S.K.: 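Before we start, here is the structure in question, set down as structure tokens.
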Amino acid sequence: MADQLNPRRPLRGNYSPKPEISALLKVSGNPINGLGETTRRRPSPFFWHPPDKHPYGELQIVARQSSRKCPGAASAFQAAYEYPELIPVAAQRNESPTDQLAAEAKTFALSHEADDVGIAPMDPLYVFEGYTINEPWVIVLALAHNYERLRQVPSDETNGIGVSDVGDQYARGTRASYALANWIRSQGYNANPYPGPMAGALLLIPPAIAAGLGELGKHGSLISRHFGSGVRLAGVTTDMPLLPTTPDCFGADEFCKTCQVCTRACPPGAIAEEKQMVRGIERWYVDFDKCIPYFAEAASCGICIAECPWTRPQVRPKLLATMARRLSQTSVE
Ligand code: B12
Ligand code: SF4
Ligand code: SF4
């Protein structure tokens with residue numbers, strides 16, 4: 001098993017946070033996330049927002065330092081923060097029909113580093129409290145990880161390959177989202193990019209699910225039929241008239257109900273076995289208070305997305321076939 005092969009990975013139950021890290025977790029993150037709340041509301045600004053917007057500024061600094069000290073990671077993340085200039089919106093509009101504009105935007109994204117692309121109407125519930133997004137459409141881009149690199153997480157001073165791949169994919173997300181925003185601007189419409197690694201105004205997983213890029217997994221990340229959980233997201237909001245893409249339910253949510261790979265692999269045991277009520281929606285949930293100390297100590301961790309069976313290129317096609325069979329049987333019954 002990967003757990004035993006990877007000397008940097010403590011087994012579940014063998015990890016306890018360093019006291020100096022625990023001391024920095026002064027407020028529980030789960031009430032901020034709305035755990036147990038039955039009414040729908042926008043997400044509160046949280047980790048990876050400016051430190052004056054949340055109570056985890058010091059933990060954020062520790063987390064950043066712990067990833068950057070790994071070989072190769074500092075330059076990989078640096079590239080993710082190299083934001084190109086945004087060009088002014090052209091005076092002349094591309095007045096092509098909506099379906100053609102949507103097709104052109106997708107083609108542009110796919111030829112500028114995006115590995116998958118989807119479109120969803122903007123929903124205020126995607127926007128963090130205290131921020132405003134005026135554009136009516138969100139285009140979500142998927143950037144696939146290199147599995148052989150990702151599976152080497154967690155990283156440390158002896159091996160920075162996994163976290164460097166995280167930085168590399170964020171850098172692709174920055175380039176891809178800025179390129180698409182600039183292309184849309186060149187067509188006479190407004191557009192704004194939302195790349196990682198900082199959170200920005202836009203929560204990315206819900207619009208990605210609505211746009212058909214995948215399903216929410218038990219580990220709290222999106223699972224794509226093409227890349228499993230080994231995928232980063234970036235967004236572009238725009239007033240270019242577009243058409244939505246449809247959600248993609250290929251059986252990941254159903255599979256998670258009986259799979260326990262991530263719950264067992266997560267060293268602090270942060271991944272809940274059952275769905276929880278969070279801001280008015282019953283869904284998979286990760287306990288922030290348990291995840292964040294290990295995340296901060298272990299160079300952004302990432303074990304859950306690397307270990308998910310859907311992420312393994314040899315396993316994914318078999319799971320897709322099994323779940324397609326299972327879903328078709330359920331729909332017949
Ligand atoms: C803050 C943040 C974190 C925080 C807190 C996460 C948390 N869940 O509490 C920390 C630092 C712990 C973290 C860790 C990780 N993160 Co993070 N994180 C973010 C960030 C910047 C904002 C998300 C946030 O504020 N969450 C806090 C609240 C809002 O969380 P929540 O209510 O539980 O909602 C989460 C999900 O349940 C879902 N969700 C929310 N509302 C709804 C509604 C519906 C209907 C559904 C179905 C789902 C859903 O989306 C939220 C994503 O965390 C996003 C980027 C972005 N702008 O969205 C990346 C992001 C979610 N992280 C990502 C990843 C991959 C990770 C890690 C694996 C680390 C790593 N090495 O890459 C771990 C996984 C931990 C985990 N299991 O959640 C990716 C996920 C990609 C994917 N395949 O889905 C994102 C999208 C970054 C990116 N640009 O690609 N992260
Ligand atoms: S990122 Fe968090 S939830 Fe995922 S395995 Fe690491 S500690 Fe667990
Ligand atoms: S490891 Fe298993 S339970 Fe966890 S997200 Fe992947 S499929 Fe779902």
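Both ligands and their constituent atoms are indexed starting at 1 by order of listing. Here the structure is a predicted model, which is why all the values come from computation and not from measurement.
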S.K.: Got a protein heavy atom sitting under 4.0 Å from atom 59 (C) of ligand 1?
M.R.: no
S.K.: Indicate whether atom 34 (O) of ligand 1 is within a distance of less than 4.0 angstrom of some protein heavy atom.
M.R.: yes
S.K.: Atom 5 (S) of ligand 2: which protein heavy atom is closest, and how many Å away?
M.R.: Cys304 N, 3.4 Å
S.K.: Would you say the ring centers of Phe250 and Trp310 fall short of 6.0 Å from each other?
M.R.: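 Under 6.0 Å, so yes.
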S.K.: Would you mind checking which non-hydrogen protein atom is closest to atom 24 (C) of ligand 1, with the distance to 0.1 Å?
M.R.: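 Protein heavy atom at minimum distance: Leu203 CD1, 3.8 Å.
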S.K.: Is Leu202 close to ligand 1, meaning an N/O of one under 3.5 Å from an N/O of the other?
M.R.: yes
S.K.: Under 4.0 Å from a heavy atom of His219: give me the atoms of ligand 1 that qualify, with their elements.
M.R.: 76 (C), 77 (N), 78 (O)
S.K.: For the aromatic rings, using the six-membered ring if either is Trp, is the centroid distance between Phe46 and Tyr56 under 6.0 Å?
M.R.: yes
S.K.: If you measure every N or O of Leu222 against every N or O of ligand 1, does any of those distances drop under 3.5 Å?
M.R.: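 For ligand 1, there is an N or O atom that lies under 3.5 Å from one belonging to Leu222.
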S.K.: Quick check with a 6.0 Å cut-off and a 45 degree axis cone: is Lys53 positioned over the face of Tyr131's six-membered ring?
M.R.: yes
S.K.: Measure from NZ or CZ of Arg232 to the centre of the six-membered ring of Tyr170 and say whether it is under 6.0 Å with the direction within 45° of the ring axis.
M.R.: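 So Arg232 does make the cation-pi contact.
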S.K.: Give the numbers and elements of all ligand 2 atoms closer than 4.0 Å to a heavy atom of Cys266.
M.R.: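 Every atom of ligand 2 under 4.0 Å from some heavy atom of Cys266: 3 (S), 5 (S), 7 (S), 8 (Fe).
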S.K.: Is there a heavy atom in His49 that sits closer than 4.0 Å to ligand 1?
M.R.: no
S.K.: For ligand 1, which atoms, with element, lie under 4.0 Å from some heavy atom of Ile209?
M.R.: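 Counting from 1, the qualifying ligand atoms are 47 (C).
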S.K.: Taking Arg172 for the side chain and Glu113 for the main chain, is one N or O donor matched with an acceptor at less than 3.5 Å?
M.R.: yes
S.K.: Tell me whether Cys308 has at least one N, O or S atom under 2.8 Å from atom 6 (Fe) of ligand 3.
M.R.: yes
S.K.: Taking non-hydrogen atoms only, is Pro268 closer than 4.0 angstrom to ligand 2 via side chain, backbone, both or neither?
M.R.: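 The answer is the side chain of Pro268.
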S.K.: Tell me if the aromatic rings of His219 and Tyr285 count as close, with their centers under 6.0 Å from one another.
M.R.: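 So the answer is no for these two rings.
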S.K.: I'd like to know whether ligand 1 has Tyr170 as a neighbour, heavy-atom separation below 4.0 Å.
M.R.: yes
S.K.: Using a 6.0 Å distance limit plus a 45 degree cone around the ring axis, check whether Arg42 lies over the aromatic ring of Phe128.
M.R.: no
S.K.: Are any N, O or S atoms from Cys259 nearer to atom 8 (Fe) of ligand 3 than 2.8 Å?
M.R.: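 For Cys259, the answer is no, given that no N, O or S atom comes within less than 2.8 Å of atom 8 (Fe) of ligand 3.
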S.K.: For Cys301, take its heavy atoms, then give the atoms of ligand 2 lying under 4.0 Å from any of them.
M.R.: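 Those of ligand 2 that fall under 4.0 Å from Cys301 are 1 (S), 5 (S), 6 (Fe), 7 (S).
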S.K.: Determine if the distance from atom 62 (N) of ligand 1 to the closest protein heavy atom is below 4.0 Å.
M.R.: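 Neighbour list for atom 62 (N) of ligand 1 is empty of protein heavy atoms (cut-off 4.0 Å).
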S.K.: Less than 3.5 Å between some nitrogen or oxygen of Arg232 and one of ligand 1, yes or no?
M.R.: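 Yes: some nitrogen or oxygen of Arg232 is under 3.5 Å from one in ligand 1.
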